[in-house]
Structures are given as structure tokens and as C-alpha cells.
K.L.:
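Attaching a single structure in C-alpha cells format; questions to follow.
The structure presented is a predicted model; accordingly, all values stated were derived computationally and were not measured.
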Amino acid sequence: MSKNAEVVIIGAGITGCAAAYYLAKKGVSVIVLESTMIGHGGSSRNGGGVRQSARDVRELPIAMYAIEHLWPYLSEELDCDIEYHKDGNLRLAKTEGHIKILQNLVDASVAAGLDVRMISGDEARQICPYMSEEVIAASWCPTDGHANPMVTTLAFYRKARSMGVQFITGEEVVEIRKDKGRARKVLTKAGNCYEGETIILAAGFASRAIANTVGIDVPLIRQNLECLVTEAQPPMFWQMLGTAEADFYGHQSKHGSFVFGGSSGLEMFVKNDNTAGESTSITAASVCRGIMKYFPSLADAKIVRHWSGFMDACADHVPIIDKVDEVPGLILACGFTGHGFGIGPGSGLILSQMVLGEKLCVDIPDLKYDRFKAKA
């Protein structure tokens, strides 16, 4: 096992695994270091949304590019059924306040070139007849969809590994060290040292502490989110669902079960020692009450399990994907704020292009790491 490669990636979530795949595809040698297991963080704990609607316009170009050019072909390209559905996204409103929220999101997205529009409650029920009469309007994006997060992440991992990428799990990175002013070495808790000409830091919330070791700080906090899955149901609808206030979201999986995520508003107050991402006694019940209001036909569906995970929430709620000027050789890919799965393939492709100095597939000027610096 070599400890040297052209690129060392810290973090084996969907972003790190996708970057490794696209780099290997271009003949670049890669080592990926992961402190726990492949996809153990948010990449295996999210609701599976592959959406463009209701995104911040600063990250929207990545989502739009990935949905047009990457997601539809990944199952064939990665030799794995990632359970991708492109059947649209309904984001639901029950009040006039909800409509205002959705209308603002729609207006911003349309101005950025996305096909999304407001529809009435009756029009939404024509698309999804299981919806309650409480829904008075919705935003509708016909090109949105969903996929299986764990399967997709592992598909990138397996394909990259088959192309020669070294994945080393159980290697907790504690420091990046410079050599002649350039990020060069990655030191782990076990005492190992890995070297690369370029280092991609894509380790979720842990990215902040690791970046600190070379004098770079990014405004990230750790925020808890929870998901749940039902027992299998008869085929009902394949659209991705969400609400104006994002209090719940989800979809029906290929196997019939519904996967829902959401929040109670109290996730910021989970126990400080909850480092393992333990689920709470509050969120799942809150999400279920919301689901029954919107979809009464699911009221008797049994919950098989629910789980928790942390997202790396950035101060302005969009990710950092950028080369670090002060530390040549270091690229940051963190702060995805719960939006990282849907843009994961696009982010991975962009990272590979950054490494090789290629023209990026989309322009992302607002995702720079130094956007938080005080202006003169």
C-alpha cells in the first residue's frame, strides 16, 4: 500500500468518492482517507433528494448541470442501480405564508433558468392524488427527483476502487502539513503520513478543525437532522416531496418503503455529547404528525426505524468549493448544509477539474472560501 499519490482526499462521503472516481477516470492516482466507514456521514443519512428547486441560486448551477448531464447516466456508468427517479418535486403549502415562501424561491430559480412554477392545490393533487385537501398550493419542478444515498455513494466508491483508487478507512486525519509553503502531507491519529501534490478536504464538519492546522478557518457548525423509513407500501407516487418550511421531505423508494426526513425545530439543542448522531425522542414524532396532515393515507404505516446524522452547516447555508490561495495545493469542499447529496456528482466533477486546471463545467464564483472575510 502506497502512502503517496498525486491527490489525497480527506473524507469518503459522496463528494470525496465522486471526486476520486472522476480523477481516476482521468488517470490521476488518488488516496482517500476516511476516519470511520465509507459514506458514514451525511451521505448515508439523508433523504435522497436530487433536486434543483428551492436551492440557493449560488449552488443551483451545479444541481442543474448534474441533473442534465450526470444523474441520468450514473447507473450505467457506475455499473449499479442507484435507484434514480426523475419524476419531479412537489414543495407544499398550507398557508398564505407558505405560498409567499415558495413564490420567492420560484422567482429566484426561474431567474436563474430553472423550469419550476407555482401550481394550485388541485393541480398538485392531480400529480399526487394522495395529498390532503389542506394543501392549497405547491411549487412544481418536473425535472427533480431522488436516488438511494448509500447505494450511490458506494457505487462511486466501488467504481473508483476498481480503477486503482486506494481507500483507507479508520484513518482519522489530525493535521495537514506544508512543505516549502505548499500543502503536501496529511498526518493521521495513527501516526501515518500520506503525501500528495494536491489535498482535497471534504470531511464534513471535521473539515474546519483540519483546515485550522494550516491557518484556515471556515464558519461551520454541526447540526443534527433525522430521517425515518416506513414498512413497504403499495406503489403510490414517485415524486420527491417537501414543504415550504422544510419541516419534512421524502419519497417512496424502489422497494415500497417511504423515506422521510425533517425537523422539529429543536435539533440545535441535542445533547452536547451526542457525537454518535443518536436520534432523539422528539423529531420522528414531529415529522410523523406532519406526514399524516399532508398524506392521511400513510397514517397507519408503521415506522421501521429512524436515525440521526450531522450536517456541516455553513454560515450562509451554501458550500465552500474552492482552492485556497494562502495554502497552494489545498482545495476545500465542505459546508454543504444538508444539500450535498444531490450535487455530489457535480461537486466531484468540479473538484477533479480544479485539480487538473481544467475549465469548470459551471461557474461557481459565490462558493469561494474567502467570501466571509471583512471587506475594506
Side-chain angles (χ1 to χ4, degrees), residues 11-18 34 36-56 59 62-63 66-67 71 74 82-85 89 91 144-157 202-207 220-230 239-243 246-255 257-264 267 270 276-280 283-284 287 290-291 303-314 317-319 333-348:
I14 188 169
T15 303
C17 290
E34 168 57 48
T36 52
M37 298 176 288
I38 307 299
H40 181 66
S43 296
S44 62
R45 299 171 186 270
N46 66 82
V50 181
R51 63 177 174 83
Q52 305 149 105
S53 56
R55 281 190 184 270
D56 191 296
E59 66 181 27
I62 307 177
I67 285 175
W71 278 105
L74 283 180
I82 62 169
E83 302 175 23
Y84 176 57
H85 283 264
N89 186 335
R91 207 166 183 92
D144 280 352
H146 54 83
N148 187 312
M150 175 59 86
V151 171
T152 305
T153 302
L154 291 178
F156 272 115
Y157 155 71
F205 177 69
S207 300
L220 306 181
I221 61 170
R222 190 180 67 179
Q223 188 171 331
N224 191 65
L225 292 176
E226 297 192 28
C227 290
L228 57 86
V229 62
T230 72
Q239 293 80 28
M240 186 69 188
L241 306 169
T243 63
D247 49 347
F248 92 87
Y249 47 86
H251 66 276
Q252 187 169 25
S253 73
K254 174 183 176 181
H255 312 288
S257 58
F258 279 88
V259 180
F260 287 111
S263 63
S264 64
E267 284 73 25
V270 297
E278 299 164 352
S279 54
T280 68
T283 299
V287 172
I291 293 168
I303 305 303
V304 176
R305 62 189 177 96
H306 64 105
W307 63 92
S308 175
F310 289 109
M311 68 177 182
D312 49 332
C314 193
H317 311 297
V318 293
C334 55
F336 286 89
T337 318
H339 311 158
F341 174 67
I343 62 174
S347 299

K.L.:
With rounding to the nearest 0.5 angstrom, report the CZ to CG distance, R91 to D144.
P.N.:
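So the gap between those two atoms works out to 9.5 Å.
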K.L.:
Which value, rounded to the nearest 0.5 Å, describes the distance between T283 atom OG1 and F248 atom CZ?
P.N.:
15.0 Å
K.L.:
Using the side chain to side chain contact (heavy atoms under 4.5 Å, CB included) rule, pick out the option among I303, V259, V304, I291 that qualifies with T230.
P.N.:
I303
K.L.:
Which atom names give the shortest non-hydrogen contact between Q239 and H251, and what distance separates them?
P.N.:
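Shortest heavy-atom contact: O-CB, 4.0 Å.
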K.L.:
Is any side-chain heavy atom of R45 closer than 4.5 Å to one of H40?
P.N.:
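Sidechains of R45 and H40: in contact.
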K.L.:
With side chain to side chain contact (heavy atoms under 4.5 Å, CB included) as the test, would you mind laying out the steps for V50 and Y84 before giving the verdict?
P.N.:
CA-CA 9 Å; V50 181; Y84 176 57; 4.0 Å; yes
K.L.:
List the atom of M150, the atom of S44, and the distance in Å for their closest heavy-atom pair.
P.N.:
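Residues M150 and S44, closest heavy atoms: CE-CB, 3.1 Å.
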K.L.:
Taking W307 for its side chain and V229 for its backbone only, find out whether a donor-acceptor pair lies under 3.5 Å.
P.N.:
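Checked: no pair found.
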K.L.:
Can you tell me how far apart NE2 (H146) and OG1 (T152) are? Round to the nearest 0.5 Å.
P.N.:
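One gets 11.5 Å once the value is rounded to the nearest 0.5 Å.
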K.L.:
Taking side chain as C-beta onward, heavy atoms only, is I82 less than 4.5 Å from N148?
P.N.:
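No, too far: nothing below the 4.5 Å cut-off.
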K.L.:
Quick check on H317: does its NE2 atom have over 12 non-hydrogen neighbours (other residues, nucleotides or ligands) under 6.0 Å away?
P.N.:
no
K.L.:
When you look at I343 and R55, which way does the side chain to side chain contact (heavy atoms under 4.5 Å, CB included) test go after all the steps?
P.N.:
CA-CA 11 Å; I343 62 174; R55 281 190 184 270; 3.6 Å; yes
K.L.:
Can you tell me how far the NE2 atom of H339 sits from the CZ atom of R51, to the nearest 0.5 Å?
P.N.:
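Interatomic distance, H339 NE2 to R51 CZ, rounded to 0.5 Å: 5.5 Å.
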K.L.:
Could you measure the distance from the OH atom of Y249 to the CG atom of L241? Nearest 0.5 Å is fine.
P.N.:
12.5 Å
K.L.:
Report the distance from atom CZ of F336 to atom CE of M311, rounding to the nearest 0.5 Å.
P.N.:
13.5 Å
K.L.:
Out of S43, S347, P345, which one pairs with T15 under the side chain to side chain contact (heavy atoms under 4.5 Å, CB included) rule?
P.N.:
S347
K.L.:
Looking only at non-hydrogen atoms, find the nearest pair between A12 and C17 and report the distance.
P.N.:
O-SG, 3.5 Å
K.L.:
Of all the heavy-atom pairs spanning S53 and N89, show the shortest one and how long it is.
P.N.:
OG-ND2, 3.6 Å
K.L.:
Minimum heavy-atom separation for F341 to G49, with atom names?
P.N.:
CD2-O, 3.6 Å
K.L.:
Minimum heavy-atom separation for G335 and C314, please, with both atom names.
P.N.:
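Nearest pair, atom of G335 first, then C314: O-CB, 3.5 Å.
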